[in-house]
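Structure record follows, encoded as structure tokens.
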There are 2 protein chains.
Amino acid sequence: MPLEIRPSQALRLWRQVHLDLVRDGESDLSARQTAILLTIYLELPPHTVRGLAAQLGVTKPVITRALDSMGKLGLVTRRRDETDRRNVVIQRTVAGALAVERLADCVVERAREIGAT
Amino acid sequence: MPLEIRPSQALRLWRQVHLDLVRDGESDLSARQTAILLTIYLELPPHTVRGLAAQLGVTKPVITRALDSMGKLGLVTRRRDETDRRNVVIQRTVAGALAVERLADCVVERAREIGAT
DNA sequence: CGGTAATGATACGGGTCCGTAACGATCGGG
DNA sequence: CCCGATCGTTACGGACCCGTATCATTACCG
């Protein structure tokens, strides 16, 4: 069954979740970083810099820098692929999984509230 | 009726819309700018710098700068309040309304696709 | 081996945003 | 009328991010 949502509901949901993100101030992730983080945690591994760059339609340095900053936040980790040492495998972390889960809960909760149209 | 959505669906929706925003590259709005824009277009006018700052829990310069950049994109306009010339009233624009509508359509469309869980 | 291709990281110049602090303009009460 | 309070803006120093171009490392193939 399709997930039905009207435009006005979509906008209120989008606004409310963004308000939560801004107010908590914890994430500080740009749209690109958010897309990268969720791709890592939703799509099947392994993830590489090149693969992420292709999926997002951005250049490789964008991915490298995003991984740098998200790594500093403990949201992801990098490791050399021993079978092909040119590759770098991006790995998930507990902190990253928790952050993703928190985001999901926020969206779910705000969607529930919006039901009272 | 409440808007029911499961955490895994919420995450896929969040990711997919962010992917769209990144790939189109047209918006380039930060989380704060998005929250400001949607507040202006969803909440009842009049909107002031101070009011927006209070709602978002940020400082006034953040609002001023966001209005500068969004104004440059044609998404909002400012005008002096003639009854109290200290105030500045933030006004909507056609381009801004279209951008908000486009975002809503994107969310609605991606939500519909996610139904096939 | 040697040379080419591919991967991820880095250097650089430019732009944007942040928070604090200060500023000019305007209102309003004593 | 003047002085404090309020409003939005600007200045400043620092941090982050972007895209292009380049680099070092590693793999592969003749």
Side-chain angles (χ1 to χ4, degrees), chain A residues 18-19 21-40 45-91 99, chain B residues 18-19 21-40 45-91 99:
Chain A
H18 276 271
L19 278 178
L21 293 179
V22 169
R23 282 201 268 244
D24 295 5
E26 55 177 307
S27 62
D28 245 15
L29 296 183
S30 68
R32 290 177 169 192
Q33 290 173 330
T34 302
I36 293 171
L37 185 70
L38 290 182
T39 297
I40 293 171
H47 296 289
T48 65
V49 172
R50 173 158 187 81
L52 290 174
Q55 276 194 61
L56 298 212
V58 298
T59 59
K60 287 188 292 179
V62 169
I63 305 296
T64 294
R65 283 186 295 253
L67 293 178
D68 286 344
S69 52
M70 292 196 293
K72 218 175 296 181
L73 296 174
L75 301 177
V76 296
T77 312
R78 272 181 284 196
R79 206 183 51 182
R80 281 266 158 219
D81 178 358
E82 291 304 332
T83 75
D84 184 342
R85 295 187 49 77
R86 286 175 304 181
N87 289 345
V88 162
V89 181
I90 293 110
Q91 298 178 299
Chain B
H18 276 272
L19 279 179
L21 293 178
V22 168
R23 283 202 267 245
D24 294 5
E26 54 176 308
S27 62
D28 246 15
L29 295 184
S30 68
R32 290 177 168 190
Q33 291 173 329
T34 302
I36 293 171
L37 185 70
L38 290 182
T39 297
I40 293 170
H47 296 289
T48 65
V49 172
R50 174 159 187 79
L52 289 173
Q55 277 194 62
L56 296 214
V58 297
T59 59
K60 287 187 293 178
V62 169
I63 306 295
T64 293
R65 283 188 293 253
L67 293 178
D68 286 345
S69 52
M70 291 196 292
K72 218 175 294 181
L73 297 174
L75 300 176
V76 296
T77 313
R78 273 180 282 196
R79 206 182 49 182
R80 282 263 160 220
D81 178 358
E82 290 303 334
T83 74
D84 184 342
R85 296 187 49 76
R86 286 175 304 181
N87 290 345
V88 162
V89 181
I90 292 109
Q91 298 178 300

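In what follows, every chain begins at residue 1, and chains take the letters A, B, ... in the order their sequences are listed.
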Item to check | d(NZ, K72(B); C1', dG15(C)) in whole Å | outcome: 10 Å
Next on the checklist: Any base atoms under 4.0 Å from T48(B), or only sugar-phosphate, or nothing? Heavy atoms, all strands.
Outcome noted: sugar-phosphate
Item to check | Length of the CG-P vector between N87(A) and dG8(C), whole Å | outcome: 5 Å
Next on the checklist: I need the CZ-P distance between R79(A) and dA9(C), as an integer number of Å.
Outcome noted: 15 Å
Next on the checklist: When you compare the side chain of R65(A) with that of S69(A), does any pair of heavy atoms fall below 4.5 Å?
Outcome noted: no
Next on the checklist: With a cut-off of less than 4.0 Å, is there a side-chain N or O of R32(A) near OP1 or OP2 of dG19(D)?
Outcome noted: yes
Next on the checklist: Can you tell me which nucleotide in dA9(C), dT25(D), dG19(D) comes closest to the side chain of R78(A)?
Outcome noted: dA9(C)
Checklist entry - Should T64(A) be listed as having a side-chain N or O under 4.0 Å from OP1 or OP2 of dG8(C)? => result no
Item to check | Position toward the 5' end of DNA chain D (nearest nucleotide), V62(A) or P61(B) | outcome: P61(B)
Next on the checklist: Whole angstroms only, please: what is the CG-P distance between D81(B) and dC7(D)?
Outcome noted: 12 Å
Next on the checklist: Rounded to whole Å, how long is the line connecting atom CZ of R65(B) with atom P of dA11(D)?
Outcome noted: 12 Å
Next on the checklist: Taking any heavy-atom pair under 4.0 Å as a contact, classify V58(A): base, sugar-phosphate, or nothing.
Outcome noted: nothing
Next on the checklist: Check the phosphate of dT16(C) against Q33(B), side-chain N and O only, distance under 4.0 Å to OP1 or OP2. Yes or no?
Outcome noted: no
Checklist entry - How many Å lie between NZ on K60(A) and P on dA9(C), as a whole number? => result 9 Å
Checklist entry - Is R80(B) reaching over with its side chain to a backbone N or O of R85(B), donor-acceptor style, under 3.5 angstrom? => result yes
Item to check | Any N/O donor-acceptor pair, R80(B) side-chain to dG8(D) base, under 3.5 Å | outcome: no
Checklist entry - Quick one: is R86(B) getting a side-chain N or O under 4.0 Å of the dT26(C) phosphate, OP1 or OP2? => result no
Checklist entry - How about T64(A) and R78(A): do any of their side-chain heavy atoms sit closer than 4.5 Å? => result yes
Checklist entry - Rounding to a whole Å, what distance do you find between R85(A):CZ and dT25(D):P? => result 11 Å
Checklist entry - Under a 4.5 Å cut-off applied to non-hydrogen side-chain atoms, are L67(A) and V76(A) in contact? => result yes
Checklist entry - Is the closest side-chain donor-acceptor distance between T39(A) and Q55(A) under 3.5 Å? => result no
Next on the checklist: Please report the distance, rounded to the nearest Å, between CG in L67(B) and P in dC17(C).
Outcome noted: 12 Å
